[in-house]
Amino acid sequence: MLYREVGQFRTSYAADQAIFPIRQDRFGMLALLLVAYIAVPLMANEYWLSTIFVPFFVFSLAALGLNILTGYAGQLSLGTGGFMAVGAFTAYKLATAFPGLNIVLVFVAAGIVTALVGLLFGIPSLRIKGFYLAVATLAAQFFLIWLFVKVAWFQNYSPSGVITAPPRAVFGHFFVTGPEALPAYKYWFTLTFAAVLALAAKNMVRGATGRKWMAIRDMDIAAEIIGIRPLSTKLLAFAVSSFYIGIAGALWAFIYTASVEALAFDIDRSFQILFMIIIGGLGSILGSFLGAAFIILLPIFLNNLPDQLGLHVGVALVTNLQDIIYGALIVSFLIAEPNGLAALWRIGKEKLRLWPFPH
Amino acid sequence: MHILYAILIGPFVTMAREPAFLIEVLIGGLLAGVMYSLVALGFVLIYKASGVFNYAQGTMVLFAALTFVGMLEAGLPVLLSLVAVIAVMIVLAFAVERMVLRPLVNQSEIILFMSTLGISYFLVGLGQILWGGDVHPLDIGIPSGPLTVHGILINQLDLYAAIVAGTLVAALALFFQKTRVGRALRAVADDHQAAMSVGIPLKQIWVFIWAIAGLVALAAGIMWGASLGVQFSLELVALKALPVLILGGFTSIPGAIVGGLIVGATEKLGEVFWGPVIGSGVEDWFAYILALIFLLFRPQGLFGERIIQRV
Amino acid sequence: MHSNGGVLLKVEGIALAFGGVKALADVSFDIRKGEVRAIIGPNGAGKSSMLNVINGFYRPHAGSITYKGRTVRHMRPHQAAKAGIARTFQNIALFKGMTTLDNIMTGRLLKMRGNFLLDALYVGPARREETAHRAVVEQIIDFLEIQAIRKVPVGRLPYGLQKRVELGRALAAEPDLLLLDEPMAGMNFEEKEDMSRFILDVNEEFGTTIALIEHDMGVVMDISSRIVVLDYGRKIADGTPDEVRRDQAVIDAYLGVAHDGGKGA
């Protein structure tokens, strides 16, 4: 099937405003969803489902959240890990305090609480901008992690500081957390969160909300002069972003790792998510997914590469090599394509549209 | 009510009851603060000269200290190791200019900042591959016992570190204000294009300033390494220079100095007097929250001027 | 140019200083409904500062602004926007990462009632509202003849087109008062002709009151109903193009006669 839009005329503004105006994209998305929901769980083994796909969706959600704040609204944040921790520990407290509460509601509530915390730490964005704000978000990062480590109430007084997800099921008996949970259920559960929230994010950024965010990002003074309230717009970005990140944190703690300590959300986690959106593409929904996939697959690739080549390399060396390769990749990406993988994808599509007639 | 008393009033009562102890804590904090000032100065110099918010400054501290310790452990004499590390930091400055700054010239500040995150990861990986990831003890022959002056205990190592750092800070501040090279640097900081048009070689300036920042990092790395051991956490300690920067402003040398002292003193006070009430490890975040609250009231920092926005 | 006489905006005794530098001193003038009012003067005369005071970006140190009968010292920029004041900028202030269409759509934001939750769902009201505003924006795009660049990020557009998109964004707000800061700066003759035509069409077709700063005297004399002349932050003349053309103070200011008693300029 050729990627052409010749002959597809959009005859109404509504059609032109559709999420995928080009027919091939619509079919592509439908096929992708079918593959994701049916083919993958049928074909992939447990390892792939639990250690690649589930974290992929969790990371994608966190990257989406950060991309809303940094990529769309232009507010650089280094506090992603801290906000993920808020989501994780809120979900834990809620799930253990109200055992009867539906797990989906627990996660949504965790997202809402994280959004409120994000609002609080977003308040300085009225007065400070750019790197000053980035450093201010570090305050959130360090303070929140300290809080969850030191205040034993958050961990229900667990002596190790580790929280373990209680077993919970959706639709009565499909366990998504706890020892009886099946990898396929976990997979469908996280996939659904990622798909629904990605759709919502796409709708927001292509609508009035997204235009406000981007206006603030591109030129805050001009935005104010056309009537956009800078504070409420930025705070909304902080809240929505934190909602996504909080849910990602809850999914991480409950579905992906099943038990977790606050230090899993330290500053390195923040940077990891930031790298995803740099490599994937700032201000791109698709880029959040591509970046997450890249950052998850890279270490797996690097871990397996020496074996494939018949070399025996220590674990420590591989970890350090990863750091070096991350670092070098980030710099090279910024030099070669500051707009990330998403831009490469778009350029590829444009080329395909004209193929075989280069201009 | 009880908890409010413990947080809002109790610590001050303790301070008033034991003034000698308070002074002891304050002095310890100020001495630590001089080190923060030094690292913050490294940030400020790079930000002024190249507009880069150099997140890798903290990693440079770790990398320099690791390299120094590595050479000592390999059996090199102290002086030779020192010269060798200085050479390494200068090579690093050249590499950064050639491979990162030059290709990214005219990119937005956020892109440049992210590139320094890349540099940071690269250096962490490289340092540990070369010298291993364990904690390396570092003994540079400074006596480490406490010194008693009028009944007040002062850590000798902290004292020496503060003296070295203070000297470096003063030397850099003077250099920047008084010399011809310093003037050129300030011109670059004001306006890159204009500086280039009057014949100031921008690229050499960048290499120079990154080399200076490397040396600052080395000094800080050695001093901190001597007291804490050379290890990963040095990077996080060096990051404390960030709240110093928001207190003092990214472009102000006096701001970096005073901000460093304030952060050093207050976080020590926070740890010693509030730590028992709200939990230890307050040092991890105290400076950040302090800087944040400060910014709400004075967004331009300690010494910054009010910015007039134009459209 | 059908000024019907009613005063839309009146500034009185406006003073503004940056540090010790006086940008405006005791400036008073009015803008009548439906007219094209020009503000002219040499570089540094305080023209842009005056626009910034009117739309609330600068807070004057003295004086008052009466807009639609209400007198205030200062309006916040978003209040001014809400009250129907839109503007363009000397150094184009577009949102560079967004397309032409999205830029102009931002001009409709004040008229949109949705919220982020409706946006996220993109159901019912959000979809209808988006489509309705899109239709208005498309009329502006047609009017300004920029259909071909609808989906191009404005950062990639040439200067003249960017100026046009910026005018489009201001028009999208359906303002009562449109402030234009050097709308024709850096344009060639044809582009200026086009822009003049757009400005006059806006004034005549929509009845929008316009205040503009412009350096090209030919254009100013052609399209404006009345002109206020600033020099060194003071008003030195105010009147119809013919009156201003003959005013000795204006001629002196433009020919650079010294202000401080003959030391020369």
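The shown structure was predicted, so the numbers you read here are calculated from the model rather than taken from an experiment. A note on names: the letters A, B, ... follow the listed sequences, proteins ahead of strands, and every chain is numbered from 1.
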*Between C:Glu182 and C:His215, do the side chains contain an N or O donor and an N or O acceptor separated by less than 3.5 Å?*
yes
*Parallel, tilted or perpendicular: rings of A:Phe193 and A:Phe107 (30°, 60°)*: tilted
_Please classify the contact of A:Arg217 with chain C as side chain, backbone, both or neither, using a heavy-atom distance under 4.5 Å._
side chain
*Relative to chain A, which segment of C:Arg108 carries a heavy atom at a distance below 4.5 Å: side chain, backbone, both, or neither?*
neither
*Quick one: what part of C:Met112 sits under 4.5 Å from any heavy atom of chain A, side chain, backbone, both or neither?*
side chain
*Pick one of side chain, backbone, both or neither for A:Arg229, based on which atoms fall under 4.5 Å of a heavy atom in chain C.*
side chain
_Contact origin within A:Ala223 toward chain C - heavy atom pairs under 4.5 Å_ = both
*Tell me, for C:Asn115 versus chain A, whether the close heavy atoms (under 4.5 Å) come from the side chain, the backbone, both or neither.*
backbone
*chain C contact via A:Leu236 - side chain, backbone, both or neither, heavy atoms under 4.5 Å*: side chain
_Taking side chain as everything from C-beta outward and backbone as N, CA, C, O, which of these in A:Val240 sits under 4.5 Å from a heavy atom of chain C? Side chain, backbone, both or neither._
side chain
_Interface moiety of C:Leu121 toward chain A, non-hydrogen atoms closer than 4.5 Å_ = backbone
*Proximal to chain C - members of residues 66-74 of chain A, heavy-atom separation under 4.5 Å*: none
*Using the side chain to side chain contact (heavy atoms under 4.5 Å, CB included) rule, pick out the option among C:Asn103, C:Ile104, C:Ile92, C:Leu161 that qualifies with C:Glu166.*
C:Ile92
*asked:* Regarding C:Thr208 and C:Asn203, do their side chains bring together a donor and an acceptor under 3.5 Å, going by distance alone?
replied: no
*Which atoms of C:Ala173 come close to chain A, meaning under 4.5 Å heavy atom to heavy atom: side chain ones, backbone ones, both, or neither?*
neither
